[in-house]
Amino acid sequence: QMLDPVEHMAAPAAARVGDTLADVDTPSLILDLDAFEDNLRMMQALAERHGVALRPHAKAHKCPEIALRQIALGAQGICCQKVSEALPFVAAGVRDIHISNEVVGAPKLDLLARLARQARISVCVDHPSAAQALSAALAQAGASAGVLIEIDVGQKRCGVQRPEDAVALARVLASLPNLEFLGLQAYHGGLQHKRSIGQRRRGAEKAARQVRRYLRAFAQAGMSCPVVTGGGTGSALFDAAGQVYTEIQAGSYPFMDADYARLDWGDALSLRHSLFLLGTVMSTPTPERAIVDVGLKSTSAESGLPRPVAGKGLHCVAINDEHLILKADHARDRPSLGFKLSLIPGHCDPTFNLHDSIVAVRGDKVEAIWDISARGLSR
Ligand code: PLP
Ligand code: MN
């Protein structure tokens, strides 16, 4: 008898181009291309309407195919949050990457310097010793990079605390070889998920006033500060219009996760859900309970449980490593064994990081399968 030796058995692909959605194995991450492309165009149009650059944050998706589409529509380049995260994007041909974060330690600085030989790289700095270490690593590799001084505009995370410190740091940068001072990063993460649109507007205006204080200090010192980068999906509307940002870093906007969908948006930015988890009902132990195979290894849950797309009267009540527990209001609302269910993930960034690939569908036909190549690259 011929045996199929297990060492030659690869896990079958979850989907193939041309499959229908119902054929896709689960759990899988699904991208609705029509909604995704609408979202890409909407944010690009918002940026262009206000004459600011769009530099989408790729930490949201970690997928070079997605970044290349954002750039093809007019994005200036991308942001990455980590140096290693930038690797697959450079390999895929992205040539302008801002590391929107502080980078500390020789292995990271050496890698950054090597990337800077192949692509235009910029990075955040908020301390003179970090600037010196960066300059030394770049000089060693014979490369140069742009530098944005990160300023704290209210998030109370990283960043310089006072305008005079930013000016002093810019003077240090000017004295160091292989660095080019480009301007400021002013990102306010605490603002992005405030539910009320008025609260986000007032928060964005307050952050913009902080940025202006810094810009005045630079002007008084006779130093130019051409770039102001920042902003996320929740504040993009106000940052783009506010006259201080030259570049918007929104990341989540192509996907509209359940966390962002809880916000009030008004009618200015009507982003659509494009990102879904496909799961299978694997057990129906009671008339009102269904168990789906989408656990914490397929979706993040720190910003809320995923939300079933269809089915009124059906709620996610708990999640375990490999199980999602759904409760139906009535037995008639409970999906049956084997049913494939679409869910909207709570938070796009950590959810992408759990998947090797994303199944891109047009209607219910699989059009492409894209590698999430930067998945797990968090150094
Ligand atoms: N810029 C920075 C520095 C961030 O940390 C983030 C997200 O956390 C973003 C931009 C993008 O924000 P969002 O995904 O909410 O659009
Ligand atoms: Mn996020």
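Counting starts at 1 for both ligands and their atoms, following the listed order.
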With hydrogens left out, which residues have an atom under 4.0 Å from ligand 1, given that only heavy atoms count? His57, Lys59, Gln81, Ser100, Arg157, Gln185, Tyr187, Gly231, Gly232, Thr233, Gln249, Ala250, Gly251, Ser252, Tyr260
With a 4.0 Å cut-off on N to O distance, would you call Asp23 and Arg16 a salt bridge? no
Any N/O/S atom, backbone or side chain, of His347 lying under 2.8 Å from the Mn ion (ligand 2)? yes
May I ask you to check whether over 12 heavy atoms, not counting those of Gln199, lie within 6.0 Å of atom CD? yes
The Mn ion (ligand 2) contact by Asp349, N, O or S atom under 2.8 Å: yes
Identify each donor-acceptor pair in which a side-chain atom of residues 336-343 lies under 3.5 Å from a protein atom, sequence neighbours left out, and give them as a table.
unit_1 : atom_1 : unit_2 : atom_2 : d
Lys340 : NZ     : Ala22  : O      : 2.7
Lys340 : NZ     : Val24  : O      : 2.8

Closer than 3.5 angstrom, by distance alone: can the side chain of Arg69 be matched with the main-chain N or O of Glu65 as a donor-acceptor pair? yes
Should the ring pair Phe218 and Phe181 be called parallel, tilted or perpendicular, given that the plane angle runs from 0 to 90° and is split at 30 and 60? parallel
Quick one: do the Glu85 and Ser378 side chains pair a donor with an acceptor below 3.5 Å? no
Salt-bridged, Arg375 to Asp356, with N to O below 4.0 Å? yes
